[in-house]
2 protein chains.
Amino acid sequence: MTKPVHRVAPHVDIPIRQDSLRAHNLVLTFRQIVAAQDTPISRSELSTATGLTRPTISRIVDDLLAAELIIEAGPARSGSSGRPRVGLSLARTGPAGLGLDIRADVLSACVVDLTGAVRHLDFVPYDGTDPATVLPRLAAMADRAIEAAAAEHLTVVGATMAAPGPVQDNSIVRFAPTLGWRDVDAGAALSESVSSGSAALPILVGNDARLAALGEWYASGQAMRNFVCVSGEFDIGAGLLLNGAQLGGWAGELGHVMVRSDGPSCACGAVGCLQCYAGLTAILAAANHDGRDGGGSPAVAIDTLVSAGDPRILDALDEAATALGIAVAGLVNLVSVDTVLLGGSYSLLASWLVDGINRELRRRVLSANWAPIEVRPAPLGPDAAVIGAALSAVDRVREDPNGWLARVQSR
Amino acid sequence: MTKPVHRVAPHVDIPIRQDSLRAHNLVLTFRQIVAAQDTPISRSELSTATGLTRPTISRIVDDLLAAELIIEAGPARSGSSGRPRVGLSLARTGPAGLGLDIRADVLSACVVDLTGAVRHLDFVPYDGTDPATVLPRLAAMADRAIEAAAAEHLTVVGATMAAPGPVQDNSIVRFAPTLGWRDVDAGAALSESVSSGSAALPILVGNDARLAALGEWYASGQAMRNFVCVSGEFDIGAGLLLNGAQLGGWAGELGHVMVRSDGPSCACGAVGCLQCYAGLTAILAAANHDGRDGGGSPAVAIDTLVSAGDPRILDALDEAATALGIAVAGLVNLVSVDTVLLGGSYSLLASWLVDGINRELRRRVLSANWAPIEVRPAPLGPDAAVIGAALSAVDRVREDPNGWLARVQSR
DNA sequence: TAATTTGTTTCAGAGGTTGACTTAACTGCG
DNA sequence: CGCAGTTAAGTCAACCTCTGAAACAAATTA
């Protein structure tokens, strides 16, 4: 007999009963284990951390152990005398998340486990950006990734595809100029052809810049509370995390913020968009290059030109940095972030950009005097979007393991 | 004997026990009554709306009645045959919120009750913007408002002051150029000199544009999920509500977003700020006027010039609309809102601005094709900030009445 | 062996649910 | 006017599940 699935009350919208109370405290406990991450945490430490009593913690831990979401590590450091505490840490088997991404030069797929560790990362070159060509390839990569995961006792419980453009309803890519897509329901197409084990696997679609921000957030230990991750791969997007939560809706089209009122007209129909100054192809074009030297990756092409000492590329980078600074200043005036990560391909070019951006921020941001803003390269760089996509999928279990518990108990 | 105060679990950060369960379900029930607002709701309707059973609802309703947070309205329409349901609605006595605002021409104070109705609204002209002059006046107005409230059996449980500039820690006004303030701890100064009944009354400080957005949101029945309210009084600020929640931090300095790369330099140190084109004094200056005709209110001055058919003011308004459109387009590209309210003094000038703003939004907003944006004047206009401030104070009780319950039970 | 800390077992208390019964109040029909 | 039908609301008991408190068992150090 399967127990009913109870949602934990995140908002005040649903009534809570005795059993949802249990579900809530289980989530609370599990998140403490997730937060402890590298250093296993004991039952009694959980008790003090959560405020629940030891018996309650013991019961909850029993459930988590039975569902194989956590494992008992060998006796950990006790610190003082007395019975040594038993360390608990996240299982490296069980639920996993799958991420897919379409990048400038390759398609990529990624599997992460509960701990957030990347267990599988796969790149495949491609030609032709037509949905009918690209999506089946991605589906094949997904199948391969799910198999590879199963070989390591991982069950893919969710999948997300990163798309370079605004996405509606976690499924429909509204506009992706670099792929030539318009109103493509990538989620439906992929979900049809991919399954995990016996169950169908719904594949969500998200904006690449926002997923990259999520990936960088995890990679930084979730320490930052308010930050923006500016990604330049195809387009320029901004992923915003405010107060530890990601912004919903169409948020983040930084590339189409105006930075010059007398600028050239953009593909979007407006004039003076950031993209026309700080997009990678725009930077190359400003230096009279077409970017054929990078093996398909414009960032590498720029990097080699800089190494070769081409003065025109330095000018173009300076102009790009100024434009980025203006756009980010507008953003920071509106939504108050304290950290700006240069992600995607910009992470490779960060050393040529940081100074120019900082200069504009100092000039233009009203709060810069009493609330300094840190600009730095993002650690994951171009891989952030796939990894973030995979994390966003497994994160649903990390945020609320009750679904997984019900699934395990039902078999 | 007083029962301990239990917080309701809004996030998953605290454990929930049996009694916090009760507190949670009480909040849930109370919010349903708040949401029903004008049409009294019965116990059995509450039961179906919340998912709690009738016995539980009855108990909770008894508690709320005993605390005088709600009242039994006379037998309401039953709809069909049978015993008519007893309508429950918010009490118009009990907790109240106090709002204070410094406006271009007057100081204002406002008291709202639980239902959100304005019960007291008071304006006092002033001269001299020095904190040592203005703050005591505001404190005196607060005292008068608290007295007036007490006469109607209202207890002021919270107070908020609206300040024209960025505010830190709900207390310190960092920068208010139009008042000449810098790093003024208005919250501390006011809290010292104001008390409600026997208890001290802490006075919070918030940004005026954001409080105005809150006020307009309530005035519109909280129907909009994602909207921005652009307020022009002194400065230009933007109050953002996303997914029904207000953005934290320094959010909303729309006035200092760049709209012309070759523009004049602004007081903030940057160039081409929106404020230099769409600020009320900027509009008047562009038409070669100094705004002495409006009795202190620049919006009225502009309005009279328009009525007089001055062609220069029409040009200035057109330019202001274009600038506003550019800035708002940048905002909408970044944070995805579906409604733009023209608040504060702009509500009076909306008919001269809407078309120009819409034109720029159509050109510049990427998502405008599939997610239309509505631009319209805000109903409350210049009063929105005081009212919003008062609402934000009483809203703490509306969001979680347990504090008030504990207070009532303890006496 | 005593002390200490950790984890487990047992039991009582609190709260909500279910279900049935009762009281209350209105509608509609004869 | 009076009665049945209908719906709303209060009340009571039995039951379930959760947490907390206290006692108990286990494992290590001194």
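Chain A is the first sequence line, chain B the second, and so forth, proteins listed ahead of strands; every chain is numbered from 1.
- Contact between the side-chain N/O atoms of A/Ser58 and the OP1/OP2 oxygens of C/dT8 is found at a separation under 4.0 Å.
- Distance B/Arg59 CZ to D/dC12 P: 12 Å, rounded to the nearest Å.
- When the salt bridge (Lys or Arg N to Asp or Glu O under 4.0 Å) test is applied to A/Arg59, no partner is found at least two apart in sequence or on another chain.
- When all heavy atoms of B/Ile203 and B/Ser191 are compared, the closest pair comes out as N-OG, 2.9 Å.
- Residue B/Asn25 has no polar side-chain atom (N or O) positioned under 4.0 Å from OP1 or OP2 of C/dG15.
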Let me check something: any side-chain donor-acceptor pairs from residues 214-223 of chain A under 3.5 Å, sequence neighbours excluded? List them with distances.
| residue | atom | partner | partner atom | Å |
| --- | --- | --- | --- | --- |
| A/Glu216 | OE1 | A/Leu380 | N | 3.1 |
| A/Glu216 | OE2 | A/Leu380 | N | 3.3 |
| A/Glu216 | OE2 | A/Gly381 | N | 3.1 |
| A/Trp217 | NE1 | A/Met224 | O | 2.9 |
| A/Tyr218 | OH | A/Asp395 | OD1 | 2.4 |
| A/Tyr218 | OH | A/Asp395 | OD2 | 2.5 |
| A/Ser220 | OG | A/Glu216 | O | 2.8 |

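- Atom C1' of nucleotide C/dT17 and atom CD1 of B/Ile60 are separated by 13 Å, given to the nearest angstrom.
- With hydrogens and angles ignored, a donor-acceptor pair under 3.5 angstrom links the side chain of A/Arg54 to the base of C/dG7.
- Between the C1' atom of C/dG7 and the CG atom of A/Leu52 lies a distance of 16 Å, rounded to the nearest Å.
- B/Ser47 is linked by a side-chain contact (heavy atoms from CB on, under 4.5 Å) to B/Arg54, B/Ile57, counting only residues two or more places apart in sequence or in another chain.
- Checking side-chain atoms of A/Asp400 against main-chain N and O of A/Asn402 turns up a donor-acceptor pair under 3.5 Å.
- Summarising the geometry, the separation between CD1 on A/Ile41 and P on C/dG7 is reported as 11 Å, rounded to the nearest angstrom.
- Evaluation of the salt bridge (Lys or Arg N to Asp or Glu O under 4.0 Å) rule for B/Arg396 yields no partner, not counting sequence neighbours.
- The interatomic distance linking B/Ile57 (CD1) with D/dA8 (C1') rounds to 14 Å, in whole Å.
- Between the CZ atom of B/Arg43 and the C1' atom of D/dG10 there is a distance of 9 Å, given to the nearest Å.
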Between the protein and nucleotides 25-27 of chain D, are there any N/O to N/O pairs under 3.5 Å, and if so, what are the atom names and distances?
| residue | atom | partner | partner atom | Å |
| --- | --- | --- | --- | --- |
| D/dA26 | N3 | A/Arg83 | NH1 | 3.4 |
| D/dA27 | N3 | A/Arg83 | N | 3.4 |

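- Taking only side-chain atoms of B/Pro55, from C-beta outward, the nucleotide of C/dT18, D/dT19, C/dG7 with the closest atom is C/dT18.
- Under the rule for a side-chain hydrogen bond (donor to acceptor under 3.5 Å, both in side chains), B/Thr29 has no partner lying at least two apart in sequence or in another chain.
- Put simply, B/Thr53 has no side-chain N or O that comes within less than 4.0 Å of OP1 or OP2 on C/dT18.
- Residue A/Glu45 contributes atom CD, which lies 13 Å from atom C1' of C/dG7 at whole-angstrom precision.
- Of the side-chain N and O atoms in B/Thr56, none sit less than 4.0 angstrom from OP1 or OP2 of C/dG15.
- The CG-P distance, from A/Asp63 to C/dT8, rounds to 12 Å in whole Å.
- The side chain of B/Val86 has D/dA9 as its nearest neighbour among C/dT6, D/dA9, C/dG16.
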